[in-house]
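As the structure is a computational prediction, the values presented were derived from the model and not from experiment.
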Amino acid sequence: MLIPGGLLMVLVIIVPLLLGVYMSTLNLDQYTLRKWISAPFIGIENFIEALTATDLLRSVWLSLSYSLLAMAVTIPLGVLAAVATQNKFRGRGLVRSIFLIPYVLPSFVVATVWRTMFQPGGVIDHALSGIGLHPGLWLNGPNSYWTLIIVQIWASWPFVYMLALSGLQAVDHEVHEAAALDGALWWRKLRYVVFPYLKGPLSLAFLVGILHHINNFTLPYVLFGLPAPSDVNVLPILTYVTSFQSFRFGLSAAMALVSLVLVAIPLFVYLRAVKLDDGDQPAKRRKSPKRADRFTTDSPSGAVATEEVLV
């Protein structure tokens with residue numbers, strides 16, 4: 001029964017990964033592309049060039065920083081939305097549906113709409129000029145970094161909202177009743193009763209969000225176009241430009257492997273933490289020492305017999 005899934009995994013994941021690793025050791029560009037796997041072998045020179053002669057390290061820093069900043073806002077926003085819509089009220093279904101709109105829209109649509117809004121003289125500029133603010137260009141220069149974070153927050157917070165809502169619904173109703181009987185205030189209930197149930201869902205949301213942001217190509221590509229501003233030259237954009245504009249396929253394969261390692265680190269940490277949590281077993285109950293209970297029975301011969309039973 002495992003053969004079909006195993007074959008699919010080999011064809012879709014293992015084989016492309018091995019080809020990518022091999023390509024990263026070749027001098028594969030537009031001149032040697034016809035040879036492909038017979039291109040000159042150069043070992044780790046692509047990795048050395050990627051780390052020393054390109055913007056790879058800066059792109060890694062941009063990807064990590066914008067991902068962490070986006071999640072720092074997304075998680076509290078999603079939790080607050082989940083708490084606000086947990087209890088029943090009139091129109092709750094409509095509010096929950098509206099909250100999911102950013103999540104169900106394709107990234108291409110989201111980026112296109114926000115690109116139009118951030119254009120010079122667009123909706124954002126008109127709204128800010130009404131209160132006396134003139135921040136300048138949003139799609140170029142230093143502001144482009146914050147533009148990417150704002151759009152990423154808007155597009156990804158419903159995912160955290162759904163996971164947090166599922167965690168809130170898992171809270172036992174009797175726990176709420178016990179906290180109410182004890183006279184706990186609402187913020188104490190949130191801190192000591194509700195939030196412990198959200199540890200698992202929010203950890204998963206944080207991991208998936210970070211991995212998605214680091215590998216997100218569609219949003220910055222459509223939002224800023226190519227060439228992208230240097231402040232948003234994140235790792236997927238740099239890899240794409242190196243491969244399909246500079247035609248340095250071996251070098252881009254090395255960058256892709258660096259991205260894979262970058263993604264695998266938080267994934268390994270999370271899976272390790274989950275494994276440790278699952279492996280924690282409650283301490284075995286200490287067995288009480290056996291005691292001997294004496295009781296008497298009448299034997300068939302009429303004699304009184306004394307028996308000991310170990311309990």
Side-chain angles (χ1 to χ4, degrees), residues 13 16-29 42-75 107 111 139-153 155-156 159 203-273:
I13 299 178
L17 178 61
L18 294 178
L19 285 176
V21 172
Y22 184 65
M23 287 173 57
S24 66
T25 62
L26 302 178
N27 184 19
L28 188 62
D29 53 21
I42 57 176
I44 62 172
E45 291 184 14
N46 283 326
F47 293 94
I48 297 175
E49 181 180 356
L51 294 173
T52 59
T54 67
D55 291 334
L56 178 62
L57 295 179
R58 185 172 186 272
S59 296
V60 170
W61 164 247
L62 289 174
S63 298
L64 283 175
S65 60
Y66 113 84
S67 301
L68 292 174
L69 288 175
M71 291 306 300
V73 179
T74 299
I75 289 181
S107 297
L139 301 177
N140 202 352
N143 287 339
S144 59
Y145 178 77
W146 301 107
T147 300
L148 179 61
I149 294 176
I150 292 172
V151 179
Q152 187 66 74
I153 291 172
S156 58
F159 175 70
S203 299
L204 179 60
F206 180 80
L207 174 68
V208 175
I210 290 293
L211 299 184
H212 175 263
H213 299 345
I214 291 177
N215 289 318
N216 194 354
F217 170 78
T218 304
L219 189 64
Y221 176 78
V222 178
L223 189 61
F224 302 103
L226 291 179
S230 60
D231 294 280
V232 290
N233 193 24
V234 291
L235 191 54
I237 296 295
L238 178 65
T239 304
Y240 177 85
V241 170
T242 304
S243 181
F244 297 105
Q245 289 195 341
S246 301
F247 301 107
R248 296 291 306 279
F249 302 107
L251 182 60
S252 65
M255 293 180 177
L257 289 179
V258 173
S259 175
L260 178 63
V261 173
L262 182 65
V263 168
I265 292 175
L267 182 60
F268 173 79
V269 172
Y270 175 79
L271 293 178
R272 178 65 177 172

Novice: From Ile42 CD1 over to Leu26 CG, what is the distance, rounded to the nearest 0.5 angstrom?
Specialist: 7.5 Å

Novice: Any heavy-atom pair between the side chains of Asn215 and Leu235 that's under 4.5 Å?
Specialist: no

Novice: Pair Leu223, Val232 - check side-chain contact (heavy atoms from CB on, under 4.5 Å), show working.
Specialist: CA-CA 10 Å; Leu223 189 61; Val232 290; over 6 Å; no

Novice: Val208 pairs by side chain to side chain contact (heavy atoms under 4.5 Å, CB included) with which of Leu211, Leu204, Ile210?
Specialist: Leu204

Novice: Which heavy atom of Thr147 sits nearest a heavy atom of Leu139, and at what distance?
Specialist: CG2-CD2, 4.2 Å

Novice: Do Val258 and Leu56 pass the side-chain contact (heavy atoms from CB on, under 4.5 Å) test, and can you show the C-alpha distance, the side-chain angles, and the key distance before you say yes or no?
Specialist: CA-CA 9 Å; Val258 173; Leu56 178 62; 4.0 Å; yes

Novice: Would you say Leu148 and Asp231 make side-chain contact, with heavy atoms under 4.5 Å?
Specialist: no

Novice: Between Ser65 and Leu62 (side chain of the first, backbone of the second, donor and acceptor by atom type, cut-off under 3.5 Å), is there such a pair?
Specialist: yes

Novice: Rounded to the nearest 0.5 Å, how far apart are CD1 of Ile153 and OH of Tyr66?
Specialist: 10.5 Å

Novice: For the pair Phe249 and Phe244, name the ring-plane relationship: parallel under 30°, tilted 30 to 60°, perpendicular over 60°.
Specialist: perpendicular

Novice: Any idea which heavy atoms bring Ser107 and Leu219 closest together, and the distance?
Specialist: O-CD1, 4.3 Å

Novice: Just how far is it from atom CD1 of Ile214 to atom OG of Ser259, taken to the nearest 0.5 Å?
Specialist: 7.5 Å

Novice: Which pair of non-hydrogen atoms, one from Ala205 and one from Met71, has the smallest distance, and what is that distance?
Specialist: O-CE, 3.6 Å

Novice: Flag the pair Phe217 / Thr239 as yes when at least one side-chain heavy-atom distance between them is below 4.5 Å, and no otherwise.
Specialist: no

Novice: Compare all side-chain heavy atoms of Phe206 with those of Leu68 and state whether any distance is below 4.5 angstrom.
Specialist: yes

Novice: Would you please test Leu51 and Leu57 for side-chain contact (heavy atoms from CB on, under 4.5 Å) and show each step?
Specialist: CA-CA 7 Å; Leu51 294 173; Leu57 295 179; 3.9 Å; yes

Novice: Can you confirm whether more than 12 heavy atoms, excluding those of Leu17, are under 6.0 Å from its CG atom?
Specialist: yes

Novice: Tell me the closest heavy-atom pair linking Trp146 and Pro142, and the distance in Å.
Specialist: CD1-O, 3.8 Å

Novice: Could you please spell out the steps behind the side-chain contact (heavy atoms from CB on, under 4.5 Å) verdict for Tyr240 and Leu226?
Specialist: CA-CA 10 Å; Tyr240 177 85; Leu226 291 179; 3.4 Å; yes

Novice: Would you say the side-chain atoms of Arg58 pair up with the backbone N or O of Ser230, donor to acceptor, closer than 3.5 Å?
Specialist: yes

Novice: Got a second to check how far Phe224's CZ is from Asn233's CG, nearest 0.5 Å?
Specialist: 11.5 Å

Novice: Going from CG on Leu262 to CE on Met255, what distance comes out if it is rounded to the nearest 0.5 angstrom?
Specialist: 14.0 Å

Novice: As an exercise, state the distance from OG of Ser67 to NE2 of His212, rounded to the nearest 0.5 Å.
Specialist: 10.0 Å

Novice: Please report the closest heavy-atom contact between Ser59 and Val234, naming both atoms and the distance.
Specialist: CB-C, 3.9 Å

Novice: Testing the basics here: between Leu251 and Asn46, what is the closest heavy-atom pair and its distance to 0.1 Å?
Specialist: CD1-O, 3.3 Å

